[in-house]
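These figures come from a predicted structure and were not determined experimentally.
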Amino acid sequence: MTERCAGRRQQPTFERQNRILSTIKNIKVTHGILEGTPMRPSSLLGAAGTAVVLAAVLTTNTANAAPELPTDGRTLVLPAAPSDAGSRFGAAASPSVSPYAPSKHYGAGTVIDCPKGSLCTHVWDNSSGSYEVFFLDTCTRYWLANWEDRGGYFNNQTGDRATATYYGRNGEKLTDVPVGSKGAYNWSPVWSIRNCY
């Protein structure tokens, strides 16, 4: 049976999983499985039936253990850490933007809510061993520092002037990012971002 809260499935708690595992252990001990004593056919059938029911509960909860993503289209899932992240940890300064934009660090695999009206960008931060997510809300051109390699974006801005543009070292336009688009991106060639016009 799946626990429900406001229509969303919840992950089974560690306490509940431990209770289930403890129950399985007690069944094994009670029916002689761990003690090595022979079992009567009725005990064997009872233990098998209980094990099937508990296995169904465990597999149902395991299958539902991943959190359901909101369906409002505002989420962004951060990718796995770069394969060489451990060797680069602490090797550089944190990524930054100028002018200032709010940012926050998150671990790989984290589900991020990108607020309506934002261009959300994420870049691997070697100094912290996590992703730094920038929320570019003010319509301006942002200059990037220490943005290297992998990352990504979600353009959750609104309006007909909200197409973002990425620029290279000499100010050349690299790409346009239309409203509603999201994806992975190699930030190494990007020197600035204009989030809207």
Give the minimum heavy-atom separation between Gly171 and Arg141, together with the two atoms involved. CA-NH2, 4.1 Å
Write out all pairs satisfying disulfide bond (SG atoms under 2.5 Å apart) with one or both partners inside residues 140-181, taking only residues at least two apart or from two chains. none
Taking Asp149 for its side chain and Trp124 for its backbone only, find out whether a donor-acceptor pair lies under 3.5 Å. no
Answer yes if Tyr106 and Val123 sit in the same cluster of Ile, Leu, Val, Met, Phe, Trp and Tyr residues linked by side chain heavy atoms under 4.5 Å apart, and no otherwise. no
Any pair with a residue in residues 159-197 that passes disulfide bond (SG atoms under 2.5 Å apart), sequence neighbours left out, goes on the list, sorted by first then second residue, please. Cys139-Cys196
Contact summary for Val77 and Val111, nearest pair of heavy atoms: CG2-CG2, 4.1 Å
The side-chain hydrogen bond (donor to acceptor under 3.5 Å, both in side chains) partners of Ser103 (sequence neighbours excluded) come to Glu132
Output side-chain donor-acceptor pairs under 3.5 Å for residues 173-180, partner residues at least two apart or in another chain, one line each.
residue, atom, partner, partner atom, Å
Lys173, NZ, Asp176, OD2, 3.0
Asp176, OD1, Thr165, OG1, 2.8

Could you give the distance from CG (Leu119) to OG (Ser181), rounded to the nearest 0.5 Å? 8.5 Å
The reported gap from CG in Asp113 to OG1 in Thr75 (rounded to nearest 0.5 angstrom) is 7.5 Å
For Asn186 and Val190, work out which heavy atoms get closest and say how close. O-CG2, 4.3 Å
Using every non-hydrogen atom in the two residues, find where Arg150 and Pro79 come nearest and quote the distance to one decimal. NH2-CB, 3.9 Å
Where Ala164 and Gln157 come nearest, the two heavy atoms and their spacing: CB-NE2, 4.5 Å
Qualifying residue, where the test is ring-ring contact (aromatic ring centres under 6.0 Å, His included) with His122 and the options are Phe154, Tyr153, Phe135, Tyr131: Tyr131
What about Leu78 and Phe134, same hydrophobic cluster or not, with Ile/Leu/Val/Met/Phe/Trp/Tyr joined at side-chain heavy-atom distances under 4.5 Å? no
Which pairs would a plain distance check flag for residues 92-102, meaning a side-chain donor or acceptor within less than 3.5 Å of a matching protein atom at least two apart in sequence or in another chain?
residue, atom, partner, partner atom, Å
Ser94, OG, Asp125, OD2, 2.9
Ser94, OG, Ser127, OG, 2.9

Taking all non-hydrogen atoms of both residues into account, name the closest pair between His105 and Ser128 and its distance. CD2-OG, 3.1 Å
Tell me who clusters with Tyr197, hydrophobic residues only, linked when side chains sit under 4.5 Å apart either directly or through other members. Tyr167
Counting N and O atoms only, with roles assigned by atom type, does the side chain of Asn170 sit under 3.5 Å from a partner on the main chain of Glu172, one being a donor and the other an acceptor? no
Between Asn155 and Thr163, is there a donor-acceptor pair closer than 3.5 Å when you use the side chain of the first and the backbone of the second? no
Do Asn156 and Ser118 have side-chain N/O donor and acceptor atoms under 3.5 Å apart? no
Sequence-distant partners of Trp187, ring-ring contact (aromatic ring centres under 6.0 Å, His included), two or more places apart: Trp147, Tyr166, Tyr185
